[in-house]
Amino acid sequence: MTANLIDGNALARKIRAEVAGRTAALKAKGVQPALAIILVGEDPASQVYTKHKVNDSTETGLDATLERYPADMSEAQLLARIKTLNDDPAVHGILVQLPLPKHMDAHKVIETISPAKDVDGFHVASAGALMVGQPGFWPCTPYGCMKMLENIGYDLRGKHAVVIGRSNIVGKPMAMMLLQKNATVTICHSATKDLKAHTLQADVIVAAVGKRNMLTADMVKPGAVVIDVGMNRNDEGKLCGDVDFAGVNEVAGWITPVPGGVGPMTRAMLLVNTLEAAERAAG
Ligand code: NDP
């Protein structure tokens, strides 16, 4: 059996079109949704990511501003800038690109963003809102994974989901979102004994580790849904995920590719969160 492909590019396109429509409606009411992106330093990957974020926003009618600061900017200066943006009613979303230079406390910086503008969903208030099922902003990567499951019409109720990875931005919020959809959730991590024994029981596996080929066909129950969050490089330097795609594709029922899976969905969900922030502010 060959798995059905979950096409993240196609779904992201559909979501961007929906965002564009809702943005146009908001603009007609006199509200221009706006995202402020802050990039400190010259990290090459961060420069690419922030450029994509600006382009995605502009293409859907959102107003995105990229503020670039030198790596030696002081933490106090950054906090002051965030506070100014918090107080600016014309700005609906604030995103500080991570990683930050080592002299800055990323946690302190993120906590300075107003929860109402926390479109990355990394603030403790956003994490808390997700935990208790209140409106907030969901982190874009797990939110994108949930949209993929929704799009294939997958009913999570009573299903067993195994999330591999427990970071604050992917694994933990992913597990919480699956739980809210009434899945039974197991979270695995580097200290998990016999990972395969867990994954073989799973109806849904989300791999968010950052290790190439860490999920192989012998670890997957036939027909399971496999979502690959990982971003790694293969021997040829090409982007690949955590899943041995060729092998798992023969066992799983559904599978996300890398590239073209979770990546574009993560980008699309930032637009959704920004629009949502503007809609909430508009009342
Ligand atoms: P982290 O490094 O923060 O977390 C990795 C997790 O994997 C940790 O919880 C770690 O366990 C666990 N882990 C490590 N080794 C094993 C193992 N052998 N077995 C089981 N679990 C293991 O990474 P992130 O969550 O930030 O990202 C994960 C991956 O997803 C990366 O490849 C990243 O590039 C990618 N990513 C992709 C995005 C996208 O848009 N497509 C967005 C964000 C991330 P422990 O906690 O015990 O250390």
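Atoms within each ligand, like the ligands themselves, are counted from 1 in listed order.
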Practice problem: Name the option, out of Ala191, Gly230, Ala208, that contains the heavy atom nearest to atom 28 (C) of ligand 1. | Solution: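 Ranked by closest heavy atom to atom 28 (C) of ligand 1, first place is Ala208.
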Practice problem: Apply salt bridge (Lys or Arg N to Asp or Glu O under 4.0 Å) to the pair Glu150 and Lys181, showing each step before the final yes or no. | Solution: CA-CA 10 Å; Glu150 187 187 302; Lys181 292 291 178 189; 5.7 Å; no
Practice problem: Kindly write out the residues that satisfy ring pair (Phe, Tyr, Trp, His ring centres under 6.0 Å) with Phe245, not counting sequence neighbours, or none if the list is empty. | Solution: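 Not a single residue meets the ring pair (Phe, Tyr, Trp, His ring centres under 6.0 Å) criterion with Phe245.
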Numbered atoms of ligand 1 (with element) below 4.0 Å of [X], judged on heavy atoms:
X	value
Ile164	20 (C), 21 (N)
Thr266	39 (C), 40 (O)
Gly263	40 (O), 41 (N)

Quiz item: Below 3.5 angstrom, do we get any N/O pair linking Gly165 and ligand 1?
Solution: no
Quiz prompt | Any N/O pair Ser190/ligand 1 closer than 3.5 Å | solution =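 Yes: some nitrogen or oxygen of Ser190 is under 3.5 Å from one in ligand 1.
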Self-check item: Residue among Thr266, Leu271, Val272 satisfying side-chain contact (heavy atoms from CB on, under 4.5 Å) with Cys140
Solution: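 Of the listed options, the one satisfying the test is Thr266.
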Quiz item: So is Gly171 close enough to ligand 1, meaning a heavy atom under 4.0 angstrom away?
Solution: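 No, Gly171 has no heavy atom closer than 4.0 Å to ligand 1.
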Exercise. Tell me, please: is Val229 in heavy-atom contact with ligand 1, that is, under 4.0 Å?
Key: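 Contact present.
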Residue and atom name of the nearest protein heavy atom (relative to [atom]), distance in Å to one decimal:
atom	result
atom 18 (N) of ligand 1	Lys211 NZ, 4.0 Å
atom 25 (O) of ligand 1	Ser167 OG, 2.6 Å
atom 29 (C) of ligand 1	Gly210 N, 3.7 Å
atom 20 (C) of ligand 1	His189 O, 3.2 Å
atom 23 (O) of ligand 1	Val209 O, 4.3 Å
atom 46 (O) of ligand 1	Arg166 NE, 2.7 Å
atom 33 (C) of ligand 1	Met231 N, 4.2 Å
atom 44 (C) of ligand 1	Val170 CG2, 4.0 Å

Could you state the interatomic distance from [atom1] ([X]) to [atom2] ([Y]), rounded to the nearest 0.5 Å?
X	Y	atom1	atom2	result
Ile113	Ser126	CD1	OG	9.0 Å
Leu130	Tyr143	CG	OH	11.0 Å
Met176	Ile187	CE	CD1	6.5 Å

Self-check item: For Asn213, all residues meeting side chain to side chain donor-acceptor pair (under 3.5 Å), sequence neighbours excluded
Solution: none
Exercise. Output yes when Asp235 and Arg212 qualify as a salt bridge under the 4.0 Å nitrogen-oxygen rule, no when they do not.
Key: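 Salt bridge flag = yes for Arg212 with Asp235.
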Quiz prompt | Residue part near ligand 1, for Thr141, under 4.0 Å between non-hydrogen atoms | solution = side chain
Self-check item: Proximity of Arg267 to ligand 1 by residue part, where a heavy atom lies under 4.0 Å
Solution: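 Contact part for Arg267 vs ligand 1: neither.
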Exercise. Kindly indicate whether the side chain of Leu270, heavy atoms from C-beta on, has any atom under 4.5 Å from the side chain of Asp56.
Key: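 The answer is no; the side chains never approach within 4.5 Å.
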Exercise. Would you check, one step at a time, whether the test side chain to side chain donor-acceptor pair (under 3.5 Å) holds for Lys238 with Asn234?
Key: CA-CA 5 Å; Lys238 289 199 178 133; Asn234 66 16; over 6 Å; no
Exercise. Give a yes or no on this: more than 12 heavy atoms of other residues, nucleotides or ligands lie within 6.0 Å of atom OH of Tyr69.
Key: yes
